[in-house]
Protein chains: 2
Amino acid sequence: MERQALHPTKDRLLDAAEELFSDRGIDATSLRAVTSAAGVNLASVNYHFESKDGLVRSVFLRRLEPLNNERLELLDALEITAAGTAIELEAILDAWVLPALRMGQSPEGKRFKRLLGRIYSEPGDSLQTLLRELFGEILQRFSAAIGRTLPELSAEELMWRVHFMLGAMIHTVADQPSIRAFSGGLCDPSDIEGVRRRLIDFVAAGLRSPPAKKTTGQSPGTRK
Amino acid sequence: MERQALHPTKDRLLDAAEELFSDRGIDATSLRAVTSAAGVNLASVNYHFESKDGLVRSVFLRRLEPLNNERLELLDALEITAAGTAIELEAILDAWVLPALRMGQSPEGKRFKRLLGRIYSEPGDSLQTLLRELFGEILQRFSAAIGRTLPELSAEELMWRVHFMLGAMIHTVADQPSIRAFSGGLCDPSDIEGVRRRLIDFVAAGLRSPPAKKTTGQSPGTRK
DNA sequence: GTCTATATCCTGATAGAC
DNA sequence: GTCTATCAGGATATAGAC
C-alpha cells in the first residue's frame, strides 16, 4: 500500500527511533526525542504510525521480517537439497544464526541487535503480541527440522533443548558489549566467523547430548 | 544500620514494587502505582529509598545478594571437598542453577525471576552498574572453576562458552511463560528436577564439546 | 503531508505540618 | 516516620492553519 522508500520522513523516524530505543530503552525514549533527532515534526509520528506503539512495532518489523524471511529461505534450500533425508544439524543452526550475525555487521544492524534482545523480556502487551506474530511460525519450522535430524529426542525433550538453544543465541546476538567486558577484551564479538563456529558447536553439542540421562554428580545440598 | 524486618513500610514497598515491576516493567510503573498498591504514602518512597532508582536497586539487591551468596557457598563446599582436584562439571553448574530454580518455587521468587531476566537487557546506567557489582566477582569464580575442570579450553574459548551458558540459563530461569506457550503445554517449567537435569545436561555437553573444531557442513550461502 | 499550538494528564520529587 | 499539597516539567495525542 505504502512505498517506504518514497517516505523519507518515515524512514528518518524509524532510524532515529531505532537508535534511541537501542541506547536508552523504549519507555525511556520520548516521541519528542525521536522527532527532534530525526529533524521532523512531533506530530508526524502520529500521522505516519498512529501512535508510539505503532512506531515501535514498525521499528521491529522493518528488520525482523526480512531477517526471518532470509532464515526461512535458507531452511527451504536445505530441505530441498536434503529431499526428505535428515539435514545436518549444524546446517540448520547456521540457517538461523548466520542471517542474524550478518545483520550485525552493518552499523544499523548493530544498534538494532541491542534492541532485539529486549523484545523478549519487555512486558508490554503490544511487543509480546508482535513477538508471537513474528516468531511463532518460524520457530515451529526450525524445531521440526531439528526434530527430524534428531529423531531420538522426544517432543518434550526437543522443545526444552530448542528453548535452551534460543537462550544462548539471543543472548549472544543481542549482548555484544557484555561478552567483551566480561572477557576483558579477550573475546571479539565482531569476529563473525568465530562467533558462528563457537555458537553453533556449543548449541549442536547440547542438542545432541544423550537424552534422559539422569544427573549422577554429587548433588550440592546444604553445606557440611 | 537499618533492620529491614522492623520496617513494615519498607518491605511493603519492596513487595509491591517487585510485583508491579515484574508485570508491567520498571519504567512503566509509577511510584504512585507502587505506593497505592503497598497502601502507603507516596512520599515514603523518597524517604526510605531516596529515589525511584534507589527503590529499583533495593528490589534487585534484596533477592540477588542472598541468591549469589548461596551459589558461592555451594561452590566453596565443592572446592573444599575437591581439595585441589578438578570438580565434576555438572556439580559446578548445579551450584549455579539450583539456587535460582529453588528461588522460583515460592510465588515471590516466581515473580522476581520474570523481573530478573530484564536486568540484563535494560539499558539504564543504574541497573547496568548494579549488574556488574552483583555478578562481576561471582562470574569470575565460576568461570575459573569451570576452566579448571576443562583445562583443554583456551581462556578465550572458555569465556565464549560461559557466555553461551549464561544465555541458556538466564533465558530458562527468567522466561517461564514462553516455554510453556511455545511447547503447547508440553514442557512444565515448574518441574524443577526436570529443568535442572535438562538444562545442566545441555550446557555441560556444550561446554565439553571438542574445542576449535571448524564447521564442516555445507554452508548455506545464497540460494540456488 | 507538514507544521504550530495546545489540551490533558501523569511523572518524580519535595516542603512543611503533624 | 507519615501525611497533604504542590511544584515544575514531560508525556502522548490532537485540532486546525497552511
Side-chain angles (χ1 to χ4, degrees), chain A residues 1-60 118 122-127 129-130, chain B residues 1-60 62 115 118 122-127 129-130:
Chain A
M1 241 10 89
E2 304 172 16
R3 320 288 309 288
Q4 249 195 28
L6 301 178
H7 281 282
T9 311
K10 221 168 163 175
D11 286 330
R12 291 173 66 85
L13 279 169
L14 288 171
D15 288 337
E18 187 174 87
E19 171 106 44
L20 290 166
F21 289 167
S22 300
D23 283 349
R24 314 179 191 173
I26 298 173
D27 282 334
T29 302
S30 70
L31 294 182
R32 284 172 166 78
V34 174
T35 51
S36 76
V40 305
N41 192 269
L42 172 60
S44 60
V45 173
N46 284 295
Y47 179 80
H48 286 290
F49 301 100
E50 287 195 312
S51 65
K52 183 180 182 178
D53 241 55
L55 173 62
V56 172
R57 271 185 66 96
S58 295
V59 166
F60 280 100
R118 246 166 279 157
E122 290 222 23
D125 284 353
S126 158
L127 273 188
T129 306
L130 181 62
Chain B
M1 246 2 95
E2 305 173 15
R3 318 290 308 288
Q4 249 195 28
L6 300 179
H7 281 282
T9 311
K10 219 168 163 177
D11 285 331
R12 291 172 66 86
L13 278 169
L14 288 171
D15 288 337
E18 185 175 88
E19 172 107 45
L20 290 166
F21 289 167
S22 300
D23 285 348
R24 314 179 192 173
I26 298 174
D27 282 334
T29 302
S30 69
L31 293 183
R32 283 171 167 80
V34 174
T35 51
S36 76
V40 303
N41 192 268
L42 171 61
S44 58
V45 173
N46 284 293
Y47 179 80
H48 286 290
F49 302 99
E50 288 194 309
S51 66
K52 184 181 183 179
D53 240 55
L55 173 62
V56 172
R57 268 185 70 96
S58 294
V59 166
F60 280 101
R62 177 172 68 149
L115 183 54
R118 245 166 281 154
E122 291 222 22
D125 285 351
S126 158
L127 272 188
T129 305
L130 181 62

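No experiment lies behind these values; they were computed from the predicted model shown.
Heavy-atom nearest nucleotides on DNA chain C were determined for A:L42 and for A:Y47, and the one closer to the 5' end corresponds to A:Y47.
Taking all atoms of both residues into account, the shortest heavy-atom contact from A:K10 to A:F49 is CG-CZ, 3.5 Å. For the residue pair A:H48 and A:L13, the shortest heavy atom distance occurs at CD2-CD1, 4.4 Å.
As rounded to whole Å, 11 Å separates atom P of C:dT2 from atom NZ of A:K10. When the C1' atom of C:dT11 is taken as reference, atom CG of B:L20 falls 16 Å away, rounded to whole Å. C:dG12 atom P lies 10 Å from atom CG of B:N46, rounded to whole Å. For the pair B:D27 CG and D:dG10 P, the computed distance is 16 Å after rounding to whole Å. C:dC9 atom P lies 20 Å from atom NZ of A:K52, rounded to whole Å. For B:D53 and C:dT11, the CG to P distance is 17 Å, given to the nearest whole Å. Per the geometry, CZ belonging to A:R24 stands 10 Å off P belonging to D:dA11, to the nearest Å. Atom CZ in B:R32 sits about 16 Å away from atom P in D:dA11, given to the nearest Å.
Taking 4.0 angstrom as the limit, B:N41 places a side-chain polar atom (N or O) nearer than this to OP1 or OP2 of D:dT4. Within the 4.0 Å cut-off from OP1 or OP2 of D:dG1, not a single side-chain nitrogen or oxygen of B:T9 is found.
Listed candidates were C:dT14, C:dT2, D:dA13. Nearest to the side chain of A:H48 is C:dT2. Taking every side-chain heavy atom of A:A43 into account, D:dT14 is the closest of D:dA13, C:dT14, D:dT14. In this structure, the nucleotide among C:dA13, D:dA13, D:dC3 sitting nearest to the side chain of B:L31 is C:dA13.
As judged by a 4.0 angstrom heavy-atom cut-off over every strand, B:S30 is placed among residues touching the sugar-phosphate backbone only. Residue contacts shown for B:T29 are limited to sugar-phosphate atoms, with no base heavy atom under 4.0 Å away.
The side-chain heavy atoms of B:L130 and B:V56, taken from C-beta on, include no pair separated by under 4.5 Å.
Exactly one of A:V59, A:L127, A:L20 qualifies for a side chain to side chain contact (heavy atoms under 4.5 Å, CB included) with A:I26. That residue is A:L127.
For A:K52 and A:D27, the salt-bridge test fails: no basic side-chain N is under 4.0 Å from an acidic carboxylate O.
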